[in-house]
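Notes to accompany the following structure.
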2 protein chains.
Amino acid sequence: MARPRKPLLSRDRIVATAGALVDAEGLGAVSTRRLAAELGVSGPSLYNHFRNKDEILDAVADSVSAQVDLSMFDEDDARDWRTALYDYAVSYRAALTAHPHIVPVLAQGPGRRPAGLRVADTVFGAMVRAGWPPAQATHIGALMRYFITGSALGSFARGFVDDETAYDPADYPHLGQAHLLAERQQRVDEGAFETGLRALIDGLAGQYETVRATPKSS
Amino acid sequence: MARPRKPLLSRDRIVATAGALVDAEGLGAVSTRRLAAELGVSGPSLYNHFRNKDEILDAVADSVSAQVDLSMFDEDDARDWRTALYDYAVSYRAALTAHPHIVPVLAQGPGRRPAGLRVADTVFGAMVRAGWPPAQATHIGALMRYFITGSALGSFARGFVDDETAYDPADYPHLGQAHLLAERQQRVDEGAFETGLRALIDGLAGQYETVRATPKSS
DNA sequence: ACCTGAACACCGTTCAAGT
DNA sequence: ACCTGAACACCGTTCAAGT
């Protein structure tokens, strides 16, 4: 066949198909050969568009970061930083839990991914505008990311959800129990996220008062 | 050769060797064949002691959880829950950052690992003893884990540290820069962890007052 | 019970060859 | 520039065979 007059592949199409595959069957289902087959193409073709498989998964992770709503940090939207931070965390977590299998990739490593960096920059900028010193604003961006990704990654529930296909009702009379466990754990995860997020923001508000009370320049 | 009169392998020896390999060369370096070679044995031998490779990595992760100091939760040690929680978080993070490559395994999935469960149970018990309602105590255990594992996993610094061997000074004049970046990011990570941990505990203390002020039974 | 070599069905990636 | 098949050096895991 060799080269067609119109390219069969594009980075976007590869990322979209890889993302769908990750969502449907998990990270383990993504091999270059399998992904290529899904795209109607042979394995090595991918290397015309990405340097290696990791770069593809990074792009999938970044496409999830791109879905995080950041509008609560818009300047004209005169919300206080606590509310904005809260809404941001909820939006971020929603994006991650919608694509749980890619979270291990997203939660890790250096922030060379553009959408991931844009999220960090937006939070940083908003905190500085709200009156936080730059060093503290950096910390806030990082610690919010820790908590959000940690909560999306550390859930017990996923352990059962992942096994869902293995629970054939004919073979496993305890299926119901497993689902109950998963449901209970999902409530725990949501409650813990809620409790932790409120604590985090309340605690930061306390530090904010101290910082404001002893200003350096303004 | 076949079966020796004294077993060549044991679960402990496999876990120790696998852990050393993960620490030295990362998760990617662990293949059953490589690990077996390191143990002076052939690949399939491992399957006499573990069901599969994932079980080996789970055991490595659990051996790290086992290193978390929990003595601050001892009953006789009449410390208040805030201090204990703080010390616990610092100890937990130290255990993780000492073995950064296994954190993705540890941070994930269901808590079927005994040491991991013991940590969770200890925190839960201590919070209940301190006067938290059980539901809240569960949340506190989970949210602390989210924050700690997220901070150990989400560090920018590791991205550079991992590449360290690739930075041959002869080839890379910017090595110094990369190290500076890594060092700066390490300080950011530590600062963010510290700030977040204080905020978390301060915020929980606020919720504690509310809970205590409206008791249900005591 | 515990180890072995052979074998199966895969991998990620490179590369020369095609258009 | 972009795709292909062939090839390389690997994988995880199963299994019959050995003691």
Side-chain angles (χ1 to χ4, degrees), chain A residues 1-22 24-61 101-102 104-105 108-109 162-163 165-166, chain B residues 1-22 24-61 101-102 104-105 108-109 162-163 165-166:
Chain A
M1 188 180 300
R3 170 161 117 95
R5 32 183 54 242
K6 206 163 183 259
L8 297 174
L9 294 178
S10 68
R11 288 178 63 97
D12 281 354
R13 206 163 85 78
I14 293 169
V15 171
T17 305
L21 191 52
V22 169
E25 305 187 32
L27 271 181
V30 183
S31 73
T32 55
R33 286 166 156 96
R34 170 77 192 278
L35 173 57
E38 215 84 24
L39 287 157
V41 115
S42 90
S45 304
L46 300 169
Y47 291 82
N48 285 296
H49 302 269
F50 288 92
R51 248 196 294 273
N52 52 43
K53 183 185 157 182
D54 274 2
E55 240 184 36
I56 298 176
L57 291 177
D58 266 10
V60 172
H101 291 122
I102 198 67
V105 175
Q108 218 179 134
D162 279 350
D163 289 340
T165 57
Chain B
M1 191 178 299
R3 170 161 117 95
R5 32 183 56 240
K6 195 148 194 273
L8 297 175
L9 293 178
S10 68
R11 286 178 64 97
D12 282 353
R13 207 163 84 78
I14 293 170
V15 171
T17 305
L21 190 52
V22 169
E25 304 188 33
L27 271 180
V30 183
S31 72
T32 55
R33 286 165 156 96
R34 170 76 192 278
L35 173 57
E38 214 84 25
L39 287 157
V41 116
S42 90
S45 304
L46 299 170
Y47 291 82
N48 286 296
H49 303 269
F50 288 92
R51 248 195 295 273
N52 52 43
K53 183 184 158 181
D54 274 2
E55 240 184 35
I56 299 177
L57 291 177
D58 266 9
V60 171
H101 292 122
I102 199 67
V105 175
Q108 217 178 137
D162 279 350
D163 288 339
T165 57

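Everything quoted here is computed from the prediction, not taken from an experiment. Residue numbers begin at 1 in each chain, while the letters A, B, ... track the order of the sequences.
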Item to check | Whole angstrom value for the distance that separates P of C:dC3 from CG of B:Leu8 | outcome: 5 Å
Checklist outcome for this item: Heavy atoms of A:Val22 and A:Ile102 approach each other most closely as CG1-N, 4.0 Å
Item to check | Shortest non-hydrogen separation from A:Val60 to A:Ala18 and the atoms involved | outcome: CG2-CB, 3.7 Å
Checklist entry - Side chains of A:Asp12 and A:Ser10: does their closest heavy-atom pair fall under 4.5 Å? => result yes
Item to check | Value in whole Å for how far the P atom of C:dC2 lies from CD1 of B:Ile14 | outcome: 11 Å
Next on the checklist: Output the rounded distance in Å from NZ (B:Lys53) to C1' (D:dC10).
Outcome noted: 12 Å
Checklist outcome for this item: Whole-Å distance, A:Leu57 CG to C:dC11 C1', equals 14 Å
Would you mind writing out the side-chain donor-acceptor pairs for residues 37-49 of chain A within the sub-3.5 Å range, not counting sequence neighbours?
unit_1, atom_1, unit_2, atom_2, d
A:Glu38, OE1, A:Arg34, NE, 3.1
A:Ser45, OG, A:Ser42, O, 3.0
A:Asn48, ND2, A:Ser45, O, 3.4

Checklist outcome for this item: Across all chains, not counting sequence neighbours, the salt bridge (charged side-chain N to carboxylate O under 4.0 Å, His left out) partners of A:Arg51 are A:Glu55
Item to check | Heavy-atom pair of closest approach, residues A:Ala29 and A:Leu21 | outcome: O-CD2, 3.9 Å
Checklist entry - side-chain hydrogen bond (donor to acceptor under 3.5 Å, both in side chains) with B:Arg13: which residues, sequence neighbours excluded? => result none
Next on the checklist: Pair B:Leu27, B:Leu57 - check side-chain contact (heavy atoms from CB on, under 4.5 Å), show working.
Outcome noted: CA-CA 9 Å; B:Leu27 271 180; B:Leu57 291 177; 3.9 Å; yes
Checklist entry - Taking atom P of C:dT13 as reference, at what distance in whole Å does atom CG of A:Asp54 sit? => result 7 Å
Item to check | Those residues of residues 31-40 of chain B lying under 4.0 Å from DNA chain D by at least one heavy atom | outcome: B:Ser31, B:Thr32, B:Arg33
Item to check | Any residue of residues 41-48 of chain B with a heavy atom less than 4.0 Å from an atom of DNA chain C | outcome: B:Val41, B:Ser42, B:Pro44, B:Ser45, B:Asn48
Item to check | Gap between atoms CZ and C1', on A:Arg13 and D:dC2 respectively (whole Å) | outcome: 13 Å
Item to check | N or O in side chain of A:His49 less than 4.0 angstrom from D:dC3 OP1/OP2 | outcome: yes
Next on the checklist: To the nearest 0.5 Å, what is the distance between CD1 on A:Ile56 and OG1 on A:Thr32?
Outcome noted: 7.5 Å
Item to check | Euclidean distance, atom CG of residue B:Asn52 to atom P of C:dC10 [Å, nearest integer] | outcome: 18 Å
Checklist entry - What would the secondary structure line of DNA chain C be in dot-bracket form, counting Watson-Crick and G-U wobble pairs under 3.5 Å, with [ ] for pairs that cross earlier ones and | for pairs with another strand? => result ||.|||||...|||||.||
Checklist entry - Taking atom C1' of D:dC3 as reference, at what distance in whole Å does atom CZ of A:Arg5 sit? => result 15 Å
